[in-house]
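Along the sequence shown, residues are numbered consecutively beginning with 1.
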Amino acid sequence: QVHLVESGGGLVQAGSSLRLSCAASGHTFSWYGMGWFRQAPGKEREFVAGISRSEDTRYADSAKGRFTVSRDNAKNTVYLQMNSLKPDDTAVYYCAAVHSIATHITASEYEYWGQGTQVTVSS
């Protein structure tokens, strides 16, 4: 079992930045592809960003140019740097892991999930 814990969420004003962290434990972190998803009230959980074992990255259109996903295998941690935040970014953000070579963009392909961290962006 892989245990994931997100942190770094909070309440910020539009245009500001946040960095989310996801700490992993239980297995060899470098073997896993990692993803970030978010879910707003009344909406489906949607893909935000992903990073593979080899650090290939993928982004949702809404995240391109504003968000950056990275990983530090020595610290068993994946990050999501979020800049130029908008009110539409308000959601619970989840970290996910899958034992895979590829970068996955669908939630059903991930095996392990964190508890989520709330991001609220005010006008």
Side-chain angles (χ1 to χ4, degrees):
Q1 181 73 33
V2 175
H3 184 61
L4 305 173
V5 179
E6 303 97 332
S7 62
L11 173 62
V12 298
Q13 294 187 359
S16 61
S17 299
L18 283 173
R19 189 179 75 160
L20 306 183
S21 298
C22 174
S25 63
H27 295 282
T28 304
F29 178 73
S30 62
W31 290 358
Y32 289 83
M34 306 295 296
W36 286 98
F37 292 77
R38 67 187 183 188
Q39 188 166 22
K43 295 185 178 180
E44 292 284 302
R45 187 169 298 188
E46 65 176 353
F47 173 78
V48 178
I51 184 166
S52 72
R53 299 178 187 178
S54 60
E55 300 191 9
D56 293 322
T57 59
R58 298 182 69 177
Y59 297 93
D61 288 342
S62 60
K64 290 178 181 177
R66 299 190 298 129
F67 294 2
T68 302
V69 62
S70 61
R71 66 191 298 160
D72 187 338
N73 290 340
K75 297 181 179 179
N76 290 352
T77 302
V78 63
Y79 304 95
L80 184 67
Q81 178 67 45
M82 304 187 294
N83 299 326
S84 301
L85 284 163
K86 307 173 182 179
D88 286 347
D89 295 319
T90 296
V92 177
Y93 283 71
Y94 296 92
C95 176
V98 59
H99 189 221
S100 175
I101 297 174
T103 304
H104 298 277
I105 64 172
T106 57
S108 63
E109 293 181 291
Y110 283 84
E111 301 173 68
Y112 307 103
W113 294 83
Q115 84 291 341
T117 185
Q118 177 71 48
V119 172
T120 302
V121 184
S122 63
S123 300

- With a 4.5 Å limit on heavy-atom distance, are the side chains of Phe67 and Trp36 in contact? no
- Task: With the side chain counted from C-beta on, respond yes when Arg38 and Ser62 share a heavy-atom pair under 4.5 Å apart, and no when they do not.
- Result: yes
- Item | Euclidean distance, Leu80 CG relative to Tyr59 OH, rounded to 0.5 Å | 8.0 Å
- Message: Hydrophobic clusters here meaning ILVMFWY residues chained together by side-chain heavy-atom distances under 4.5 Å, can you tell me if Phe47 and Ile51 are in one?
- Response: no
- Is Leu20 close to Met82 at the side-chain level, that is, under 4.5 Å between some pair of heavy atoms? yes
- Is Lys86 paired with Asp89 through a side-chain N to carboxylate O contact shorter than 4.0 Å? no
- What's the spacing between Arg71 CZ and Thr57 OG1 if we round to 0.5 Å? 11.5 Å
- Of all the heavy-atom pairs spanning Asp72 and Tyr79, show the shortest one and how long it is. CB-CE1, 4.1 Å
- Task: First locate atom OG of Ser100, then atom CZ of Arg53, and finally report the distance between them rounded to the nearest 0.5 Å.
- Result: 6.5 Å
- Message: I need the Gln81 CD to Leu18 CG distance, nearest 0.5 Å.
- Response: 8.5 Å
- Message: Is any side-chain heavy atom of Met34 closer than 4.5 Å to one of Phe29?
- Response: yes
- Trp31 vs His99 aromatic rings, parallel, tilted or perpendicular, using cut-offs 30° and 60°? tilted
- Message: Parallel, tilted or perpendicular: which one describes the rings of Tyr94 and Trp113, with boundaries at 30° and 60°?
- Response: perpendicular
- Item | Value rounded to 0.5 Å, distance of OG in Ser52 from CD1 in Ile101 | 9.5 Å
- Query: Looking only at heavy atoms, which two atoms of Pro87 and Ala14 are closest? And how far apart?
  - Reply: CD-CB, 4.1 Å
- Task: Output yes when a side-chain donor or acceptor of Ser84 lies under 3.5 Å from a complementary backbone atom of Arg66, and no otherwise.
- Result: no
- Query: Any donor-acceptor pair under 3.5 Å linking the side chain of Thr90 with the backbone of Val121?
  - Reply: yes
- Go through the side-chain N and O atoms of Gln13 and Ser16 and say whether any donor and acceptor fall under 3.5 Å apart. no
- Determine, stepwise, if the pair Glu6 / Tyr93 fulfils side-chain contact (heavy atoms from CB on, under 4.5 Å). CA-CA 8 Å; Glu6 303 97 332; Tyr93 283 71; over 6 Å; no
- Linking I/L/V/M/F/W/Y whenever any side-chain heavy atoms sit under 4.5 Å apart, do Phe37 and Val92 land together? yes
- Message: So Val78 and Val69, do their side chains get closer than 4.5 Å, heavy atoms only?
- Response: yes
- Item | Donor-acceptor contact below 3.5 Å, side chain Arg58 vs main chain Gly35 | no
- Closest heavy-atom contact between Ser21 and Thr77? CB-CG2, 4.3 Å
- Note on the structure: The reported gap from CG in Asn76 to SG in Cys22 (rounded to nearest 0.5 angstrom) is 10.0 Å
